[in-house]
2 protein chains.
Amino acid sequence: MSSDASPAPAKTPVTLREVASLAGVSVATASKALNGQGRMTAETRERIRETARRLGFRPNSLAQSLLRRRSFTVGLLTNDTYGRFSLPVMSGISDALVDKGVSVFLCNVEDDQRLGQLHVDAMLDKRVDGIIATGKRIDRHLPVDLSNLGVPVIYAFTQPDPGAIAFVSDDAGGARLAVEHFWRLGRRRIAHVTGPASFAVVHTRAQAYRDVLTENGLPIMEPLLGSWSEAWGHEAVKKLFDGKLSKSGGEKPDAVFCGNDQIARGVIDALRERGLGVPDDVGVIGFDNWQIVAEATRPPLTSVDMNLAALGREAGLTLLSLVGGEPAAPGIRKLPCRLVVRQSCGRPPDG
Amino acid sequence: MSSDASPAPAKTPVTLREVASLAGVSVATASKALNGQGRMTAETRERIRETARRLGFRPNSLAQSLLRRRSFTVGLLTNDTYGRFSLPVMSGISDALVDKGVSVFLCNVEDDQRLGQLHVDAMLDKRVDGIIATGKRIDRHLPVDLSNLGVPVIYAFTQPDPGAIAFVSDDAGGARLAVEHFWRLGRRRIAHVTGPASFAVVHTRAQAYRDVLTENGLPIMEPLLGSWSEAWGHEAVKKLFDGKLSKSGGEKPDAVFCGNDQIARGVIDALRERGLGVPDDVGVIGFDNWQIVAEATRPPLTSVDMNLAALGREAGLTLLSLVGGEPAAPGIRKLPCRLVVRQSCGRPPDG
DNA sequence: TCCTTCTGAGAAAACCTTTTCCCAAATTGC
DNA sequence: GCAATTTGGGAAAAGGTTTTCTCAGAAGGA
């Protein structure tokens, strides 16, 4: 009388045993029928499948995992609660894995060693197939020891253990992208305003900046190190455009390459306040391509994008191949950045 | 000779059977020893415990879950890939659960129904104990059907199904906090600049704004609806301070309550550009307390904080009690906001 | 007709842990 | 000294699935 063709409401999950019994076969046969294994008449197989469908049968992953020693889960460790860096990374990882039926345990360990151990233990207990570590800084370790865990580990946008596999952004390449873009636009007095010396990327990018200038025979203006804030961008403009610029001659910059988008925002605002036009008088390029900031600047900010989602995807895929038993050479893989051109540095080079 | 006291490297996890065999007892006894169950000599119990410790034994969660019908896992569904709203919520949830040994599956379903179904099925297959749904908008449904799943579901900062349990921020209360703060500071001509009409919170907050003004006998200036951007903040200032303000008399506002921090930022910048002092001439309050924005404005922005982490924590705890079998009344629980006072609206009322 | 080969399907072990009985030995009570 | 109880510990089932073996019957060959 009732609609027995509709999938069951699954108040309590239906087991293989129930399917088998309703189809009048053993659980072994039922299992084989549903997995396309074993030999049986097409009629039997179809009958079992139909029964399973009708009952809304879905195999219990826990039981499968126990048997297969493979849980189709991975752990994602991060110490970045709010940040905008690890989020795209995480999203990329998740993207790469969901299609393979792999679920992700998200574990925020803050900077707390105890919490880290807690999470790692929990992940191991739950028999994750692998672990990905990510964080808010590429030059800092997570507060956990991931060596010798018995499962594959991949580092993404965080400092790896020696001998591990890591994916990071190519910051030097990203900086080159920016400075070379200025060069191609005809800018010749290019300054660099960036964050504090305690960040490794500050030095990486600064060196790339110097390299490009040197290669092209341009004068090097010593990079200005400060903080990652708008306020520092303001201040830096004062230093760049007020003072007599030491040895480099005293001419004012016609371009500023900034260490992040907030600094760039400060720089642009400060330039406008002192009557300098962006991009006409001075071009500005930021770093991170933080959309909400880059698009709120006037004019909208050209910025280097680290392709973090792609980085995460790559990390996820690599972990999967490791789990599958394929070998992979240890080392740090740098993934290229890309320049997102908006309006803060003049017309595109091919324009 | 070798350091057999150090925990095993756990290349392959050690099982209870191995512990038992090394301790010279049956697995049953070993299990009871480690769980504090059963009866045995203190000596036996300690010997088993010591063996387990030495081997670095950790029980296989999969096997435990299979038996207990409880996986100590919950699924977290979100459609917010990058947002700053659901991140604190997620963090709060995770916080609340980690201490109880519960791990969280993070599932980003974007706005894709297929992806949603995929994730929900995967979670169910993995026998999550419960599901929490969160999202980027409090007035939109996730693209999934979570009714009648067979596991408890909680909604946090997203639109719930009817009859479900949900936690949301008390937007009306938050708006009251802001407007009443202005009132206590002696501001009497309070404007409201907010986002687009398509957002439910825009109306909720606007109504609360009107209510407070009415209660205190202040003139109502019709809320200005626009977008959530800095640019709109700029534009709104133009409308507020240039035009003849319709029926409300023409006097200029001495306070602006903004729908979010970006609008507030635009408002503050625009006020400064036209020579109006903040907070001396005009007070400004934002919404969301997005730290990085609130602290970059000059002066730093007073803003309404939705306490999203606390909201997440509450949701997590409630889910757990539901999983534990305790009943809970359906309905929407509004959690209070709090006002984070910085420097954009003058000295504190008690100053 | 008898032996071999194939076919379809079931029994049972395995994955790892917990828990409920159950039993032999030791202890207690009288 | 004998029955009743307590003590210490083990055997086995359960949880749900997969996979390997095994086996009865049918089909084919001689």
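Note that the structure is a prediction, hence the values are computed from the model and not measured. FYI, side chains are in, hydrogens and waters are out, and symmetry mates aren't considered; it's all heavy atoms of this structure. Numbered from 1 within each chain, the chains take letters A, B, ... in sequence-line order.
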Should we count [atom1] of [X] as having more than 12 external heavy atoms under 6.0 Å?
X: B/R70; atom1: CZ; result: yes
X: A/K136; atom1: NZ; result: yes
X: B/Q113; atom1: CD; result: no

Under 3.5 Å donor-acceptor, B/R333 side chain and B/I165 backbone: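 Such a contact is absent between B/R333 side chain and B/I165 backbone.
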Quick one: does any side-chain atom of B/K126 pair with a main-chain N or O of B/G75 as donor and acceptor, under 3.5 Å?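 Absent.
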Does C/dG10 have its OP1 or OP2 closer than 4.0 Å to a side-chain nitrogen or oxygen of A/T29?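 Yes.
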Distance check needed: [N] [atom2] versus [X] [atom1], whole Å only.
X: B/L34; N: C/dC16; atom1: CG; atom2: C1'; result: 13 Å
X: B/L16; N: C/dC15; atom1: CG; atom2: C1'; result: 13 Å
X: B/K32; N: C/dT17; atom1: NZ; atom2: C1'; result: 13 Å
X: B/N35; N: C/dC16; atom1: CG; atom2: P; result: 17 Å

Does the plane of the ring in A/F85 sit parallel, tilted or perpendicular to the ring in A/F157? Use 30° and 60° as the thresholds.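 Tilted: the ring planes of A/F85 and A/F157 meet at 30° to 60°.
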Going through the distances and angles, do B/E50 and B/R47 end up as a salt bridge (charged side-chain N to carboxylate O under 4.0 Å, His left out)? CA-CA 5 Å; B/E50 178 50 32; B/R47 175 164 43 91; over 6 Å; no
Once you apply a heavy-atom cut-off of 4.0 Å, does B/T41 come out as touching a base, just sugar-phosphate, or nothing?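 Contact class for B/T41: sugar-phosphate only.
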Scan B/T15 against the nucleic acid and name what it touches under 4.0 Å (heavy atoms): base, sugar-phosphate only, or nothing.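 Touches sugar-phosphate only.
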For residues 64-75 of chain A, which residues have at least one heavy atom under 4.0 Å from DNA chain C?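 Here the set is A/L66, A/L67, A/R69.
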Judged by each residue's nearest nucleotide on DNA chain D, which is more toward the 5′ side, B/A28 or B/A42?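 The residue closer to the strand's 5' end, by nearest nucleotide, is B/A42.
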Assuming nearest nucleotide by heavy-atom distance, tell me which of B/L62 and B/M40 is located more 5' along DNA chain D.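 The residue closer to the strand's 5' end, by nearest nucleotide, is B/M40.
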Earliest and latest nucleotide of DNA chain D, 5' to 3', sitting under 4.0 Å from a non-hydrogen atom of chain B?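 The footprint of chain B covers D/dT7 to D/dG16.
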Search all heavy atoms of B/T78 against all heavy atoms of B/D80 and return the closest pair with its distance.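 Shortest heavy-atom contact: OG1-N, 3.0 Å.
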